[in-house]
Each structure stands twice: as C-alpha cells, then as structure tokens.
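Read through the structure below, which is laid out as structure tokens, and then see the notes.
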Amino acid sequence: MFGIPGKQAVTITPRAAAQIAKLMGRDDQQGLRIGVKKGGCAGMEYTMEFVTEVDPLDEVVEQDGARVMIAPMAQMFLFGTEIDYEVSLLESGFKFRNPNVTEACGCGESIKFDEKLTQ
C-alpha cells in the first residue's frame with residue numbers, strides 16, 4: 001500500500017525472525033500482525049497479535065519462516081521500521097527501531113510520530 005517497489009516495508013532481524021517463527025508454530029498461527037493505536041502518554045502505541053489468517057489488505061513481510069503482517073492503517077507509520085528481539089537480565093521482547101518516531105515516553109511503551117503522518 002505504502003511500499004516502494006523492491007523494498008520491504010519493515011526489516012526483521014534474524015533474532016526476531018527466529019522468535020516469530022517459533023511462536024507461529026504454536027496453535028497454527030499464520031503470523032504476527034503489527035499495528036498502531038492511539039494511547040499512552042506519548043500519543044500512540046504499537047499493537048502486536050498472532051493471527052490465524054492473513055487479511056488481504058495487510059502488507060506481508062516473510063523471512064526465515066517468520067511472517068509479519070502490517071495492518072493497513074499502520075503501514076505509513078511503520079514503513080522503514082526494523083523489528084528486533086532482545087533478551088536481557090531484566091526483560092525480553094520485540095523492539096521497534098522506527099525512523100518515523102519523533103518522541104517516546106520514558107517507559108518506552110508509547111510513541112509520537114512526525115505530525116505530517118498524523119494529520
């Protein structure tokens with residue numbers, strides 16, 4: 001929808017691809033759908049859910065057995081994002097490195113996008 005021919009909408013690191021593929025194997029999931037919604041102290045939050053079917057309007061990125069679907073309304077916000085999976089002593093989880101984010105809250109749970117994207 002908002003793609004550039006020959007360029008994936010998002011990139012997935014090998015660690016993230018391995019974790020997504022592992023989680024897809026549970027309960028016959030078709031992939032991880034990511035999106036954004038209003039909320040949090042910075043204004044927007046990422047959404048993530050494993051789903052059993054692909055929406056025909058989703059942008060689909062596949063790599064190393066992992067499938068990520070980008071919800072239609074989130075595509076312009078997530079274009080160019082790198083999805084990683086990090087493990088530390090205190091936490092583990094998916095991390096988004098999104099060039100479209102202009103601010104993030106202190107806890108890292110909510111984000112703000114360039115005003116050109118939200119108007």
Side-chain angles (χ1 to χ4, degrees):
M1 193 172 217
F2 288 94
I4 296 173
K7 182 169 173 53
Q8 291 187 347
V10 298
T11 57
I12 308 167
T13 67
R15 286 187 303 255
Q19 184 67 14
I20 292 167
K22 176 182 165 185
L23 294 172
M24 281 175 57
R26 298 180 183 173
D27 302 323
D28 232 10
Q29 303 295 332
Q30 291 297 307
L32 176 66
R33 179 173 292 128
I34 59 175
V36 293
K37 69 176 183 175
K38 291 186 181 208
C41 50
M44 302 282 280
E45 298 175 317
Y46 292 112
T47 62
M48 297 173 40
E49 66 177 327
F50 281 92
V51 295
T52 57
E53 61 183 58
V54 178
D55 184 310
L57 298 177
D58 285 344
E59 178 74 25
V60 179
V61 176
E62 295 183 282
Q63 178 183 316
D64 300 327
R67 181 179 298 122
V68 172
M69 291 90 72
I70 305 170
M73 296 303 291
Q75 292 172 12
M76 68 181 169
F77 297 107
L78 297 175
F79 189 79
T81 297
E82 178 188 67
I83 302 169
D84 194 8
Y85 186 78
E86 296 179 355
V87 177
S88 72
L89 290 174
L90 298 176
E91 65 181 358
S92 62
F94 291 101
K95 302 292 181 186
F96 293 80
R97 292 183 189 93
N98 187 335
N100 304 306
V101 170
T102 58
E103 292 180 35
C105 68
C107 65
E109 295 296 317
S110 68
I111 49 180
K112 183 176 181 181
F113 292 102
D114 187 321
E115 289 184 17
K116 295 175 201 162
L117 292 176
T118 57
Q119 294 178 352

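Quick note: numbers below take in every heavy atom, side chains included, and nothing from hydrogens, waters or symmetry partners.
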Inset, instruction - Please check if the side chain of Asn98 supplies one atom and the backbone of Thr81 the other of a donor-acceptor pair under 3.5 Å. - result: no
Inset, instruction - Return yes if some donor-acceptor pair links the side-chain N/O of Asp55 with the main-chain N/O of Ala71 below 3.5 Å, else return no. - result: no
Inset, instruction - Quick one: which residue pairs count as a salt bridge (Lys or Arg N to Asp or Glu O under 4.0 Å) with a foot in residues 22-31, not counting sequence neighbours? - result: none
Legend entry - Nearest heavy-atom neighbours spanning Ile83 and Ala16: O-CB, 3.4 Å
Inset, instruction - Taking Gln8 for its side chain and Val61 for its backbone only, find out whether a donor-acceptor pair lies under 3.5 Å. - result: no
Legend entry - salt bridge (charged side-chain N to carboxylate O under 4.0 Å, His left out) involving Arg97 - partner list, sequence neighbours excluded: Glu82, Asp84, Glu86
Legend entry - Smallest separation among heavy atoms of Gly80 and Pro99, with atom names: O-CD, 3.4 Å
Legend entry - Partners passing side chain to side chain contact (heavy atoms under 4.5 Å, CB included) against Thr47 (at least two apart in sequence or in another chain): Lys37
Legend entry - Minimum heavy-atom distance Asn100-Phe77, with the two atoms named: ND2-O, 3.0 Å
Legend entry - Pairs touching residues 61-80 that satisfy salt bridge (Lys or Arg N to Asp or Glu O under 4.0 Å), sequence neighbours left out: Glu62-Arg67
Legend entry - All side chain to side chain contact (heavy atoms under 4.5 Å, CB included) counterparts of Ser88, not counting sequence neighbours: Leu90, Glu91
Legend entry - Test item: Ile20 and Tyr85 side chains (from C-beta on) under 4.5 Å apart, heavy atoms: no
Inset, instruction - Drop me the distance from Ile70's CD1 to Leu32's CG, to the nearest 0.5 angstrom. - result: 10.0 Å
Inset, instruction - May I ask you to decide if the ring planes of Tyr46 and Phe96 are parallel, tilted or perpendicular, using 30° and 60° as cut-offs? - result: parallel
Inset, instruction - Please report the shortest heavy-atom distance between Met24 and Gln30, naming the atom on each side. - result: CE-O, 3.5 Å
Legend entry - Interatomic spacing from CZ in Arg33 to CE in Met48 - rounded to 0.5 Å: 13.0 Å
Legend entry - Distance-minimising heavy-atom pair for Ala66 and Ala17: CB-O, 3.4 Å
Inset, instruction - Taking all heavy atoms of Gly65 and all of Ala21, pick out the closest pair and write down the distance. - result: O-CB, 3.6 Å
Legend entry - Under 4.5 Å side-chain linkage, directly or through intermediates, the cluster mates of Val51: Val54, Val60, Met69
